[in-house]
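Computed from a predicted structure; not experimentally measured.
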Amino acid sequence: MQHGRACRPEYQPGRGQVRRWAETPAPLIAATDASWKGRAGGIGYVASDGRYGLRSRRPGRVDPTGFSRVLVSELRAVEFLFTAYDTPPVDMTVLVDSRPALNYLHRWQGGETGAMPAGYDLRPRHAGMKPTLVRLADLVAERPDLTFAHVKAHAGHALNEAADGLSRMARRRVEEPFDVRPRAHDLVEAFVRDWHVALAA
């Protein structure tokens, strides 16, 4: 399988792939994003091989996120992207539009895995699992081949716009239940097509 990217099971809630881009040559480029409004949140990712995902979030009475809800969500979106693969593809580039999130990713890659957003609860989760950001920090520290870069938000970058659209779609679903699958697929198909057209120009 190309890029060393064995994939997860064929169907997982909130994930999909536009198959026409499945054999995109390496290295892969992906974008992640998060969206919050009131107590409704969403995260999303899209990759140049057509993979995408979105997840909704409404904090419960006990929320381990801490004071930095948006920042933590931006980082959770990166972890959500990586879990779309058994192992993140070699030389993958991840674009984020949050400079604070990028700072943490670079610090973790430099070995500062103990650095966490203010107030983030480090206690084990259910079944003793490590917190999401702890798992992400450990993974990033072991992968110097991964590139994390900043992309300006709302500036017309196709992959960033797609990730932004997915995160907002996931957030809206908290308050307005609807079937996101066809909308998400159509959105990703349009933006990833634009990305590849621009790349080939």
Side-chain angles (χ1 to χ4, degrees), residues 1-34 42-55 57 71-117 120 125 129-151 157-167 170 184 188 191-192 195-196 199:
M1 187 165 293
Q2 292 186 5
H3 315 305
R5 45 185 166 134
C7 60
R8 295 296 188 181
E10 186 65 24
Y11 174 75
Q12 289 190 47
R15 298 189 196 265
Q17 184 173 23
V18 178
R19 292 291 180 181
R20 67 180 294 191
W21 307 116
E23 299 305 318
T24 296
L28 291 183
I29 299 178
T32 62
D33 208 356
I43 59 175
Y45 70 81
V46 62
S48 56
D49 66 355
R51 293 177 195 265
Y52 64 89
L54 67 165
R55 179 178 290 165
R57 182 174 177 81
L71 171 58
V72 170
S73 294
E74 295 278 359
L75 292 166
R76 281 179 172 144
V78 177
E79 194 269 347
F80 188 34
L81 162 68
F82 286 161
T83 58
Y85 304 88
D86 288 334
T87 303
V90 174
D91 294 330
M92 186 180 204
T93 295
V94 181
L95 305 175
V96 296
D97 60 18
S98 165
R99 290 194 182 277
L102 182 64
N103 180 55
Y104 275 100
L105 291 164
H106 284 159
R107 290 176 70 183
W108 294 338
Q109 202 166 35
E112 295 182 58
T113 56
M116 289 288 153
Y120 186 67
R125 306 302 192 244
M129 182 176 286
K130 289 182 179 179
T132 299
L133 298 196
V134 174
R135 297 197 308 272
L136 177 61
D138 290 344
L139 185 156
V140 168
E142 296 173 354
R143 294 295 302 273
D145 62 290
L146 298 175
T147 298
F148 300 101
H150 181 259
V151 61
H157 188 287
L159 297 183
N160 173 256
E161 295 289 349
D164 174 70
L166 291 172
S167 66
V188 171
F191 279 114
V192 174
W195 163 258
H196 284 282
L199 203 62

Is the backbone of [Y] close enough, under 3.5 Å, to the side chain of [X] for a donor and an acceptor to pair up by distance?
| X | Y | value |
| --- | --- | --- |
| H150 | L102 | no |
| D145 | D91 | yes |
| T113 | W108 | no |
| T32 | V96 | no |
| Q109 | L146 | yes |

Candidate pair L95 and N160, rule side chain to side chain contact (heavy atoms under 4.5 Å, CB included), full reasoning: CA-CA 7 Å; L95 305 175; N160 173 256; over 6 Å; no
Return the orientation label for the H196 and W21 ring planes: parallel under 30°, perpendicular over 60°, tilted otherwise. parallel
Beyond-backbone contact of [X] with [Y], side-chain heavy atoms, under 4.5 angstrom:
| X | Y | result |
| --- | --- | --- |
| D138 | K130 | yes |
| T147 | M92 | no |
| E74 | D97 | yes |
| L133 | M116 | yes |
| Y85 | L28 | yes |
| R57 | R76 | yes |
| T87 | R143 | yes |

Residue pair [X] / [Y]: nearest heavy atoms and the distance that separates them:
| X | Y | answer |
| --- | --- | --- |
| F80 | G53 | CE2-C, 3.6 Å |
| A170 | G42 | CB-CA, 3.9 Å |
| V192 | A47 | CG2-O, 4.2 Å |
| G44 | A77 | O-CB, 4.0 Å |
| R107 | A115 | NH2-CB, 3.4 Å |
| L71 | S98 | CD1-OG, 4.4 Å |

Intermediate values then yes/no, side chain to side chain contact (heavy atoms under 4.5 Å, CB included), V140 and Y104: CA-CA 10 Å; V140 168; Y104 275 100; over 6 Å; no
To the nearest 0.5 Å, what is the distance between [atom1] ([X]) and [atom2] ([Y])?
| X | Y | atom1 | atom2 | answer |
| --- | --- | --- | --- | --- |
| L81 | L136 | CG | CG | 10.0 Å |
| Y45 | L54 | OH | CG | 9.0 Å |
| E161 | W195 | CD | CH2 | 13.0 Å |
| L105 | L75 | CG | CG | 5.5 Å |

Side chain to side chain contact (heavy atoms under 4.5 Å, CB included) assessment of L166 paired with D33: CA-CA 8 Å; L166 291 172; D33 208 356; over 6 Å; no
Run the side chain to side chain contact (heavy atoms under 4.5 Å, CB included) check on F82 and L139 step by step: do they pass? CA-CA 9 Å; F82 286 161; L139 185 156; 3.9 Å; yes
Are R15 and Y52 in a cation-pi contact, defined as NZ or CZ under 6.0 Å from the six-membered ring centre and within 45° of the axis? no
Could you tell me which residues satisfy side-chain hydrogen bond (donor to acceptor under 3.5 Å, both in side chains) with E79, sequence neighbours excluded, listed by chain and number? R135
